[in-house]
Amino acid sequence: MKLKIVQAGDPVLRQQSRALTKKEISSASIQYLIELMRNTMREAPGVGLAAPQIGQSLQLAVIEDRPEYIADHSTEELALYQRAIIPFHVIINPKLMVVGNSSAVFFEGCLSLAGFSALVKRSRRVAVEYLDEHAQRQGLQASGWFARILQHEIDHLQGCLYIDRMETRSFSSFDNMGRHWKDLPIENVRAALGLG
Ligand code: ZN
């Protein structure tokens, strides 16, 4: 069973979501919700899904970058994106801190803006403190694509979408992004789009 993913324009995507208590995290209903979110993310398929995206205004997100997704990309692409396998993570009540001042600009998409993509600048390194699915306090440091996914999903929990942070002139249908921009160096994309 999977859940319906709400699309941009649904008010739930613009709400500050509420924290979960440890007791709630251990409850059968939240444990089942986590399982459904994992299934929904895998079926989409996507590398992250936040509770507001399935209509629940809760500070809960799931993240996973599976070996079969990674296999679709060349070694050069993976190095460029700093992308690697991410085991399944459940991120609850997160606090995100940017580490250092290095940033990266890449095309990014969202399951709640189906069919679209845009250039988004994100910090290369972040640290996140959160509770896991067992209500245990966890901390992690991430860089590259994992850091980008964390920033994207944690934004969702604050009612923020990537379109709030994107280079607006780069907004593109997914098909056109693949056709015209995907294989070009970012500097060339920026120049062609008049992004200086
Ligand atoms: Zn998203």
Side-chain angles (χ1 to χ4, degrees), residues 2-20 33-66 69-70 72-73 81-96 98 103-126 128 130 133 140 142-168 170-178 181-182:
K2 62 172 185 156
L3 302 162
K4 181 169 177 278
I5 298 175
V6 303
Q7 295 299 304
D10 191 307
V12 72
L13 291 174
R14 291 314 198 167
Q15 289 162 9
Q16 166 70 48
S17 56
R18 75 164 177 87
L20 288 166
L33 181 65
I34 290 167
E35 188 186 320
L36 291 178
M37 285 177 64
R38 185 184 58 205
N39 295 346
T40 304
M41 171 175 67
R42 286 178 178 172
E43 285 215 19
V47 292
L49 185 70
Q53 295 184 273
I54 45 93
Q56 300 284 333
S57 194
L58 301 171
Q59 286 193 34
L60 162 64
V62 292
I63 292 175
E64 181 183 48
D65 205 355
R66 292 165 70 82
Y69 306 157
I70 299 288
D72 288 343
H73 299 272
Y81 288 84
Q82 293 184 274
R83 183 171 172 179
I85 293 164
I86 305 168
F88 179 71
H89 279 73
V90 178
I91 306 279
I92 299 168
N93 304 349
K95 300 260 182 306
L96 181 138
V98 166
S103 59
V105 178
F106 287 115
F107 276 99
E108 187 172 310
C110 177
L111 295 172
S112 294
L113 284 136
F116 293 96
S117 187
L119 290 176
V120 183
K121 185 177 174 181
R122 299 282 189 187
S123 297
R124 277 193 193 272
R125 293 185 67 83
V126 297
V128 180
Y130 63 100
E133 63 272 43
L140 66 79
S143 57
W145 206 248
F146 190 12
R148 175 172 294 267
I149 298 168
L150 284 161
Q151 289 167 84
H152 179 116
E153 299 310 329
I154 293 171
D155 269 355
H156 272 301
L157 308 184
Q158 269 113 49
C160 178
L161 299 172
Y162 81 77
I163 50 175
D164 305 340
R165 302 187 185 276
M166 71 179 176
E167 298 267 23
T168 52
S170 70
F171 189 62
S172 169
S173 75
F174 202 75
D175 287 347
N176 278 332
M177 191 270 284
W181 311 114
K182 189 172 89 59

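Read the numbers this way: they start at 1 and go in the same order the structure lists the ligands and their atoms.
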Do any N or O atoms from the side chain of Gln16 and from the backbone of Gly159 form a donor-acceptor pair under 3.5 angstrom?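 Side chain of Gln16 to backbone of Gly159, a donor-acceptor pair under 3.5 Å: no, none is there.
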Tyr81, OH: over 12 other non-hydrogen atoms inside 6.0 angstrom: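 Counting neighbours around OH of Tyr81, more than 12 heavy atoms of other residues, nucleotides or ligands fall under 6.0 Å, so yes.
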Kindly indicate whether the side chain of Leu36, heavy atoms from C-beta on, has any atom under 4.5 Å from the side chain of Ile54.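 Not in contact.
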Would you tell me whether Gln53 and Ser112 have side-chain atoms, one donor and one acceptor, within less than 3.5 Å of each other?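 Yes, Ser112 and Gln53 have a side-chain donor paired with an acceptor closer than 3.5 Å.
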Would you give the length of the straight line joining atom CD of Glu64 to atom CD1 of Ile85, rounded to the nearest 0.5 angstrom?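 One finds 10.5 Å between CD of Glu64 and CD1 of Ile85.
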Between Gln59 and Arg18, does the side-chain hydrogen bond (donor to acceptor under 3.5 Å, both in side chains) criterion hold? Intermediate values first, please. CA-CA 6 Å; Gln59 286 193 34; Arg18 75 164 177 87; over 6 Å; no
Ignoring water, what protein N, O or S atoms are under 2.8 Å from the Zn ion (ligand 1)?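 Only Cys110 SG, His152 NE2, His156 NE2 fall inside 2.8 Å of the Zn ion (ligand 1).
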